[in-house]
Q: 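Quick one: this structure, given as structure tokens, is what I'll be asking you about.
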Amino acid sequence: MRRLVVTVSAALLAAAGLPAVAQAQADPLRDQALTWGACTDLDVPVLECATFTAPQDWRAPRNGKTITIAISRLKARSGQAKASVLTNPGGPGGPGRTLPALYQDRAKLVQDHDIIGIDPRGTGASTNVTCGGFDFLTLTDPRDRSRENVDLLYDAAELQATACQVKSGEFGEVVNTEQTVKDLDLLRHLLGRDKISWIGYSGGTWMGAYYATYFPSRVDKFVLDSNTEFTTTFQEIFDEFGRGFQRRFDVDFLPWVAKYDSRYHLGTTAEQVRAAYEKTRARLAADPIPLPDGRMLNGVLLDLVLVQAQYSKWAFADAASLLSQLNAEQKTLTALDVRYPDAPNATLYAITCNDTRFRGGREFLDREARELGAKYPLVGYYQILAPCAFWNRPPLQLKTPTGKGVPPILMVQSVRDPATPLEGAQRAHNRFAGSRMITVADEGDHGIYGFGNACVNDLVESFIVDGKVPPRDTTCPGEPLPDPTAMLASKKPSLAHGWL
């Protein structure tokens with residue numbers, strides 16, 4: 001009855017030429033429509049693409065400054081989607097519009113669900129941040145701890161911070177998780193959903209946990225796969241890289257290469273393969289090999305190739321082949337693909353340096369690098385977040401993810417995940433109320449759901465589609481490391497990685 005009275009009153013006021021103050025004002029952000037069409041910049045025919053407008057700064061949403069967010073959609077096969085699943089590949093800062101194509105053969109998931117890919121603010125086809133193309137990480141070898149090189153290293157890290165913040169300007173100050181999850185909630189509204197589901201990998205687990213924290217009533221079925229320790233700081237998360245990558249390298253990669261010595265000729269034991277790597281690295285540090293694209297293949301670039309290979313067992317063969325060629329001192333190499341597109345890299349720095357505090361300066365960084373490098377030589381010397389020590393961090397206090405008031409979320413975690421180690425995932429699980437964890441035993445891949453593990457696939461889809469929340473934590477078996485000859489005939493997809 002009250003609604004009827006308001007409607008009549010508004011009509012009477014309008015007829016009298018008076019303002020209908022009881023009527024809601026138009027909201028151009030919430031009233032915009034998504035127009036889906038071909039993804040003209042992506043070679044993924046199964047997807048549709050669209051864009052929407054968001055405030056540049058959600059703290060001042062009506063100041064006239066806006067940004068564009070680019071999205072994609074894998075439509076439900078039924079043609080009548082009952083729900084929407086938003087996805088994110090991690091990074092932080094990884095473009096995500098191609099990710100929904102991963103699920104096109106997951107019949108149960110895609111029957112009645114639209115799968116949405118997103119290029120988050122800062123990256124991909126969305127409004128970009130930039131560091132002017134500068135990348136301090138490859139400028140000098142962090143293993144060299146001479147005073148001159150340490151000064152160069154941290155001068156470069158400081159320059160990275162300055163370049164990112166100057167080049168990205170005021171927009172860079174608002175590329176952070178709080179702003180991003182508000183973009184996501186606007187997208188939820190534009191999709192016409194009261195609630196959304198989520199599949200996020202790596203840095204996408206951070207984003208998913210924070211969306212759930214800021215908008216608990218909008219959470220349907222959230223799957224967090226390969227989990228950052230989203231209950232702590234990015235500094236603590238990235239400090240665990242050394243442990244995670246070294247364990248994967250030692251337990252999985254080196255013995256696997258040794259097993260196939262007849263193919264790679266790097267040694268019949270893990271220690272012999274390690275010695276071949278160290279010998280090759282030292283030679284490249286002293287005498288880099290020019291690459292056709294102008295880069296130099298030095299010890300740092302070799303490290304980064306091997307680091308990227310640890311994310312997926314399906315990348316082992318290419319990395320081992322390259323190491324084999326270099327060990328044999330071949331100068332003509334197969335394709336080497338280690339790229340750091342500027343917008344994803346700049347978004348990574350904006351999010352990690354803006355979101356959470358960073359402690360310590362140059363002396364702290366130097367002590368930490370020596371300690372972690374001695375324990376974990378593959379990547380322990382690399383301090384990806386060193387620029388955060390010099391970052392002019394804007395005032396930002398994120399809410400703390402606790403799980404309180406959030407429906408149960410499902411976490412998936414392999415025991416030898418290199419980028420998001422098990423220990424941090426377990427701590428996040430223990431601190432996030434109501435969460436359930438699927439632990440994948442004897443497995444080291446980063447990104448499990450949708451990549452071939454039948455046990456995980458079934459449990460995740462029972463959760464998202466059927467609404468079956470596991471009553472307790474559970475375990476799935478991992479997949480064995482493949483024969484390299486089989487890998488050539490049966491390449492499987494893996495995540496496109498930033499770092500998380």
Side-chain angles (χ1 to χ4, degrees), residues 133-157 160 241-242 245-246 248-250 252-258 260-261 263-312 315-340 345 369-370 372-384 386 418-419 484 497 499:
F134 184 69
D135 183 4
F136 94 102
L137 199 61
T138 59
L139 188 64
T140 189
D141 190 339
R143 282 199 186 188
D144 178 356
R145 306 312 294 184
S146 66
R147 175 48 54 193
E148 295 79 9
N149 199 63
V150 168
D151 286 344
L152 175 61
L153 179 65
Y154 297 130
D155 284 348
Q160 181 81 58
F241 272 14
F245 279 101
Q246 196 70 48
R248 171 71 151 167
F249 190 65
D250 292 348
D252 288 340
F253 181 76
L254 294 178
W256 182 87
V257 176
Y260 297 102
D261 179 60
R263 186 179 187 88
Y264 300 117
H265 312 293
L266 290 165
T268 58
T269 69
E271 288 310 309
Q272 288 174 349
V273 178
R274 189 195 313 277
Y277 153 63
E278 291 290 352
K279 177 184 175 182
T280 301
R281 190 193 191 283
R283 191 178 70 250
L284 289 174
D287 185 21
I289 298 174
L291 295 174
D293 62 4
R295 292 177 299 170
M296 300 297 288
L297 177 53
N298 54 18
V300 171
L301 199 54
L302 176 62
D303 288 347
L304 295 179
V305 169
L306 293 177
V307 163
Q308 289 197 355
Q310 304 315 302
Y311 284 93
S312 170
F316 281 13
D318 287 345
S321 294
L322 176 66
L323 185 57
S324 178
Q325 293 175 68
L326 293 170
N327 186 63
E329 301 193 40
Q330 293 184 25
K331 299 295 185 179
T332 302
L333 304 173
T334 54
L336 178 64
D337 185 18
V338 180
R339 292 171 294 176
Y340 294 90
N345 215 33
R370 293 173 189 273
L372 293 177
K375 290 181 181 178
Y376 315 117
L378 178 63
V379 74
Y381 289 103
Y382 289 87
Q383 295 166 303
I384 296 94
H497 302 289
W499 283 95

Q: Taking C-beta and beyond as the side chain, do V379 and D303 meet within less than 4.5 Å on heavy atoms?
A: no

Q: State, yes or no, whether a side-chain contact exists between F316 and Q310 at a heavy-atom distance under 4.5 Å.
A: yes

Q: Do the rings of W499 and F245 sit parallel, tilted or perpendicular, given the 30° and 60° boundaries?
A: perpendicular

Q: Can you tell me how far apart CZ (R143) and OH (Y382) are? Round to the nearest 0.5 Å.
A: 7.5 Å

Q: For a side chain to side chain contact (heavy atoms under 4.5 Å, CB included) check, start with the C-alpha distance between D135 and Q160, then their side-chain angles and the critical distance, and finish with the verdict.
A: CA-CA 7 Å; D135 183 4; Q160 181 81 58; 4.3 Å; yes

Q: Look only at the side chain of R370 and the backbone of R145, and say whether a donor-acceptor pair between them is shorter than 3.5 Å.
A: yes

Q: Taking C-beta and beyond as the side chain, do L137 and N345 meet within less than 4.5 Å on heavy atoms?
A: no

Q: For D250, give me all partners under salt bridge (Lys or Arg N to Asp or Glu O under 4.0 Å), at least two apart in sequence or on another chain.
A: R274

Q: So, the side chain of Q246 versus the backbone of G242: is there a donor-acceptor pair under 3.5 Å, distance only?
A: no

Q: Quick one: pull up CZ in F134 and CG in L139 and give me the separation to the nearest 0.5 Å.
A: 5.5 Å

Q: A side-chain contact here means heavy atoms from C-beta on lying under 4.5 Å apart; do L297 and L326 qualify?
A: yes

Q: Do you know the tightest heavy-atom contact between P142 and V300?
A: CD-CG2, 4.0 Å

Q: Do R263 and S324 touch side chain to side chain, with heavy atoms closer than 4.5 Å?
A: no

Q: With rounding to the nearest 0.5 Å, note down the distance linking CD in Q325 to OG1 in T280.
A: 11.5 Å

Q: Would you indicate whether the side-chain heavy atoms of R281 and D141 approach each other to under 4.5 Å?
A: yes

Q: Provide the closest heavy-atom pair for G267 versus D261 in the form atom of the first, atom of the second, distance.
A: N-OD1, 2.8 Å

Q: Search all heavy atoms of Y154 against all heavy atoms of A369 and return the closest pair with its distance.
A: OH-CB, 4.0 Å

Q: Hey, are the side chains of D151 and R147 touching, using non-hydrogen atoms and a 4.5 Å cut-off?
A: yes

Q: How many angstroms lie between atom NE2 of H265 and atom CG of L323, to the nearest 0.5 angstrom?
A: 12.5 Å

Q: Starting at CG of L291, measure out to CE of M296 and round the result to the nearest 0.5 Å.
A: 7.5 Å

Q: So which atom in A374 and which in Y381 form the shortest heavy-atom distance, rounded to 0.1 Å?
A: N-OH, 3.9 Å

Q: Should D287 and R283 count as an ion pair when the cut-off is N to O under 4.0 Å?
A: no

Q: Spell out, as yes or no, whether a donor-acceptor pair under 3.5 Å connects the side chain of S321 to the backbone of A317.
A: yes

Q: Measuring from atom OG1 of T138 to atom CG of N298, what distance do you get when rounded to the nearest 0.5 angstrom?
A: 8.0 Å

Q: Verify the distance criterion only: is there a donor paired with an acceptor across the side chains of T140 and N149 at less than 3.5 Å?
A: yes

Q: Taking all non-hydrogen atoms of both residues, which atom of L372 and which atom of G380 are closest, and how far apart?
A: CB-O, 3.5 Å

Q: Looking at A258 and A270, what are the two nearest heavy atoms and their distance?
A: CB-N, 3.9 Å

Q: Do F253 and R248 come close enough that some side-chain heavy atom pair is under 4.5 Å?
A: no

Q: Please determine which of Y311, Y376, Y277 meets the ring pair (Phe, Tyr, Trp, His ring centres under 6.0 Å) test together with F249.
A: Y277

